[in-house]
Amino acid sequence: MAGSGKSALTAAYLGFLRKHDQDALVVNLDPGATVLPYNPDIDSRNYVDVEKLMLDYKLGPNGALIMASDLLADRLEEIRGEIEDAAPDLVLVDTAGQIELFAFREGGRFIASHLSDDAKALVFLMDAPFTRRPLNFVTNVYLAAAIQSRLGQPQIYALSKSDLVDQSELEQIIDWSTEPESFELALHNMDEQNLALVSRELSRAVTSAGFLAEPIPVSAENATGLVELNAAVTRILSGGEERRE
Ligand SMILES: Nc1nc2c(ncn2[C@@H]2O[C@H](COP(=O)(O)OP(=O)(O)OP(=O)(O)O)[C@@H](O)[C@H]2O)c(=O)[nH]1
Ligand SMILES: [Mg+2]
C-alpha cells in the first residue's frame, strides 16, 4: 500500500546486503518519486517524466502515472539491458505507491514478469501500525491475495514499521495470519458486528485458499528483521520453496 515503507525497506535491505558483501543493485520503479532514501542504480525517472506527461497531455497525477507505467513497459528491454549489463547477484526493485498501477494494470504485470528471466520473489508489506486493527488486517490480506493472484510470483510477507508497535501486537498479527481461529476471535470481540461478519467471510475465503504465510516483522528504522527477510528471499530465489505460478 502507499506509504507502507517500501522505499525505506529497500534502503535498509540494500544496506544490509552491501554490508554482507553482496553484489546488489537497486531499481526505482516509481517514476513519481521525488526523494528516495537510497541512490538508485537504475531509475525509472530516467525513462519517463511524469511532470511533463501531466503538462503535455493535461493529465492529473494518477492519469500521468498510469501513462508513465505504460511507457515504462514499452521501454522494458532497455531496463532489462541495464540489469543484464551490471549482472548483479540480487536486484531490489522498489515499486510505486499506487498499488493498482503495479498490481492491477497490464503494464505493471508485464514489468513484474519480464524485468528479468531469473528467479523472483515479491515482498508484500503489511504496515504493522495499520494492520493491528482487525478490519485493516482483512484489507491487507485481501490486497495481498489480489496481488498474488495477479502477479503469480512467490510472495513473502513483511510486517513493516514493526518498531512502532508493541511486541504483543506483533505477535497478535502473526497469530491472526497463521491461526484463523485467533483472528475470528478478534472479530468476535469487535463492536461493529455487521462488519465483523463480512470480514470473517472474506478472511475465511483467503485463508482457505492458502494465500497467507507468516509475516516477518521488519523495521527500516532499526534495521531489524533483515536477516530473516533475507533468509526468506534466498530460500525462494535458490528454488528452495515451490513457486506458485
Ligand atoms: N518508524 C518507522 N517509520 C518508517 C519505517 N519505514 C518507513 N517509515 C516511514 O514511513 C513513511 C513512508 O515510508 P516510505 O518508505 O516512503 O514508504 P513507501 O511505501 O515507499 O511510500 P510510497 O512510495 O509513497 O508509496 C516515511 O515517513 C518513513 O520514514 C520504519 O521501519 N519505522
Ligand atoms: Mg516509495
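No experiment lies behind these values; they were computed from the predicted model shown. Hydrogens, waters and symmetry mates play no part in the numbers below; they use all other heavy atoms, side chains included. Counting convention: from 1, in listed order, for ligands and their atoms alike.
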Thr95, any N or O under 3.5 Å of ligand 1 N or O: no
Sub-4.0 Å atoms of ligand 1 with respect to non-hydrogen atoms of Ser219: 31 (O)
Protein non-hydrogen atom found under 4.0 Å from atom 5 (C) of ligand 1: yes
Any N, O or S atom of Thr95 closer than 2.8 Å to the Mg ion (ligand 2): no
Heavy-atom closest contact (Ala158 atom, Val123 atom, distance): CB-CG1, 3.9 Å
Proximal ligand 1 atoms for Gly5, defined as those under 4.0 Å from one of its heavy atoms: 7 (C), 13 (O), 14 (P), 15 (O), 17 (O), 18 (P), 19 (O)
Test item: protein heavy atom less than 4.0 Å from atom 26 (C) of ligand 1: no
Asn230, Leu25, Val233, Val26 screened by side chain to side chain contact (heavy atoms under 4.5 Å, CB included) with Leu17, the one that passes: Asn230
Derivation and outcome, side-chain contact (heavy atoms from CB on, under 4.5 Å), residues Leu229 and Leu9: CA-CA 10 Å; Leu229 176 65; Leu9 184 62; 4.2 Å; yes
Note: Asp127-Lys161 ion pair, threshold 4.0 Å (strictly below): yes
Atoms of ligand 1 close to Ser7 [distance to a heavy atom under 4.0 angstrom, numbered from 1]: 15 (O), 18 (P), 20 (O)
Distance flag for atom 29 (O) of ligand 1, protein heavy atom under 4.0 Å: no
Residue Ala220 vicinity, atoms of ligand 1 by number, heavy atom under 4.0 Å: 6 (N), 30 (C), 31 (O)
Flag: protein heavy atom within less than 4.0 Å of atom 21 (O) of ligand 1: yes
Criterion side-chain contact (heavy atoms from CB on, under 4.5 Å) on Tyr13 and Leu90, from CA distance to verdict: CA-CA 11 Å; Tyr13 190 19; Leu90 195 74; 4.1 Å; yes
Shortest reach to atom 12 (C) of ligand 1 by a heavy atom, considering only Ser162, Gly3, Ala2: Gly3
Element-labelled atoms of ligand 1 that are located less than 4.0 Å from some non-hydrogen atom of Lys6: 15 (O), 17 (O), 18 (P), 19 (O), 20 (O), 22 (P), 25 (O)
Nearest non-hydrogen partners of Leu36 and Arg45, listed with the distance: CD1-NH2, 3.5 Å
Shortest protein heavy-atom distance from atom 11 (C) of ligand 1, along with the residue and atom involved: Lys161 NZ, 4.2 Å
Those atoms of ligand 1 less than 4.0 Å from some heavy atom in Ala8: 6 (N), 7 (C), 15 (O)
Donor-acceptor pair, side chain of Ser162 and main chain of Val218, under 3.5 angstrom: yes
Of Ile216, Ile174, Asn140, Val165, the residue whose pairing with Leu159 passes side chain to side chain contact (heavy atoms under 4.5 Å, CB included): Ile174
Distance-only polar pair, side chains of Asp163 and Ser219, donor-acceptor under 3.5 Å: yes
Charged N-O contact under 4.0 Å between Glu106 and Arg150: yes
Ligand-residue contact atoms, ligand 1 with Asp163, heavy atoms, under 4.0 Å: 1 (N), 2 (C), 30 (C), 31 (O), 32 (N)
